[in-house]
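Shown next, in structure tokens, is the structure this report addresses.
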Amino acid sequence: MLDPRSISERRDEIAESCRRRGVNADVDVAAKLHGEVSAKQTELNEANRRRNEHQQAGKQQLSDEDREAHKGEGRALKEAVSRIEHDLSALRADFERALGDLPNFIHASVPDGGEDDARELHTSGTPRSFDFEAKDHLEICSALDLADFEAGARVAGQKWYYLKNEAVLLELALQRYSLEILLEAGFTPYVTPDVAKPEVVAGLGYNPRGDETQIYSIANAELCLVGTAEITLGGLYADSILQESELPLRIAGVSHCFRTEAGAAGRESKGLYRVHQFTKTEMFCITRPEDSDAMHDEILAIEEKIFQGLELPYRVVDIASGDLGAPAYRKFDIEAWMPGRGDGGSWGEISSASNCTDYQARRLKIRFRREGEKKNETVHMLNGTAVSNARTILALLENHQQRDGSVRIPEALQPYVGREVIGPR
RNA sequence: GGACAGGUGGCCGAGUGGUCGAAGGCGCACGCUUGGAAAGCGUGUGAGCGCGCAAGCGUUCCGAGGGUUCGAAUCCCUCUCUGUCCGCCA
């Protein structure tokens, strides 16, 4: 949610953001409604003031006749107030809908365009050229007995899966490996609930309802399965006022992530690449407004350290305006090389880092007070993937496979897996 | 799941229809005092919204929502959360 005051002050920037993102929302309608809400609020304040004055007058001794007259006036004032309140709440609902449709501002460096227009910032490592017939991760899983997609489909449905044998060790090892790096970087770790209330989900800018929603809802409870620990970590500080000295806040969460993948039919979705459930270690940071760009870089640097340790070739891209979610001001993705993807391998998204500035924080009411200042300000919030397990396991298997069918475990991960190689079998 | 007891400011806690945005205490900030500190004394100390350049003024908020009343923290209804006991359980 944008600052309502910014609607008229930064009208052109907002219109530009809508255009570049391809979002169909009208700043001017929102501005007009905002004016109407303010006027109505002023009217309500006036009506309440008259009513308060009238009540004060009612405290004195009155004759029976005057008391009756006083009661009559009170009833009339009460009706006036309730009429204005009714109008105001209708106006406010319209305004909030219009305001909620407006996306965040866009960082000056964000490239224009859609999914294919991300700007490559840099790469690390080189895609490996195999001197044998490389397999994709599905073939590796089946040869080494690491996953069971058929059983997943039978028990839960398409895009659900079982991990088996060393893949289970990899799953747990990736959590420990990533947490170790995050602890070193000063993060406070959490294991979060895998569910959250719909208003928390909405507070982070995810739509919990509708046909295209990515979010699963639980049928007999007012709860959603979280799509990321960003939701539960963001909710952690909802409605609070932080001290400036507490910032920046670096927290990390391990959770399962559930996604409906509605509307994803036909997209690259082989095996572990696009699944309904996976485990993820997430970073989440809360900063002063002037510190969020630097924190964005810090988060990206941690992600790169993690993937360098896993010896995966990757590239970093600056996501284009049309591909940003509404809350994101800027987003970096890390795409790992996946040899089994497409024809002869391709880059596949494996991690991302978003600076959402104050967009989520405003709705979640997360504020801070500067040293010596009286007014509270809205914080900036950022999130980034430390390790998203399903896709990372995919990348590890495909990149580190060996001629004899075995898979090498990168050195940095070995202490957590407890072995140096998987297979051959 | 059943029974009972409660949700008041950063915290504790008083308040059962008008004098209550709310006593008192703790905490915190500033000042006085002191060689320095403690103690003591004094002053201040919630959030949101509207109008205003600002100072400020107004307004809303005592778990949430509704109701009674000229007037509700206080009375009534619904919901919710917490605590305790019982049951069940990894």
- Message: Could you work out, with side-chain contact (heavy atoms from CB on, under 4.5 Å) as the rule, every residue matching Asp28(A), not counting sequence neighbours?
- Response: Arg11(A), Asp26(A)
- Item | Atom P, compared across rU33(B) and rG42(B): separation rounded to whole Å | 15 Å
- Separation of atom CG in Asn52(A) from atom P in rU19(B), rounded to whole Å: 11 Å
- Item | rC32(B) versus rA37(B) - spacing of their C1' atoms, nearest Å | 15 Å
- Which value, in whole Å, describes the distance between the C1' atoms of nucleotides rU60(B) and rA73(B)? 15 Å
- Message: Please give the distance between the P atoms of rG24(B) and rG46(B) as a whole number of Å.
- Response: 15 Å
- Query: For atom P, what is the distance between rG2(B) and rG71(B), given to the nearest Å?
  - Reply: 38 Å
- nucleotides 64-81 of chain B: protein proximity per nucleotide (B base, S sugar-phosphate only, - neither; heavy atom, under 4.0 Å): -----BBS----------
- Under the salt bridge (charged side-chain N to carboxylate O under 4.0 Å, His left out) rule, what do Lys270(A) and Asp136(A) come out as? Steps first, then yes or no, please. CA-CA 10 Å; Lys270(A) 213 161 48 167; Asp136(A) 68 22; 3.3 Å; yes
- Query: In the 5'-to-3' direction, what one-character label does each nucleotide of nucleotides 44-50 of chain B receive under the scheme B = base within less than 4.0 Å of a protein heavy atom, S = sugar-phosphate only, - = no such atom?
  - Reply: ---SSSS
- Message: Could you tell me how far rG15(B) sits from rG9(B) if I compare only their P atoms? Round to whole Å.
- Response: 16 Å
- Integer angstrom distance from the P of rU78(B) to that of rA5(B): 15 Å
- Determine the interatomic distance between P on rC20(B) and the same-named atom on rA72(B); round to the nearest Å. 16 Å
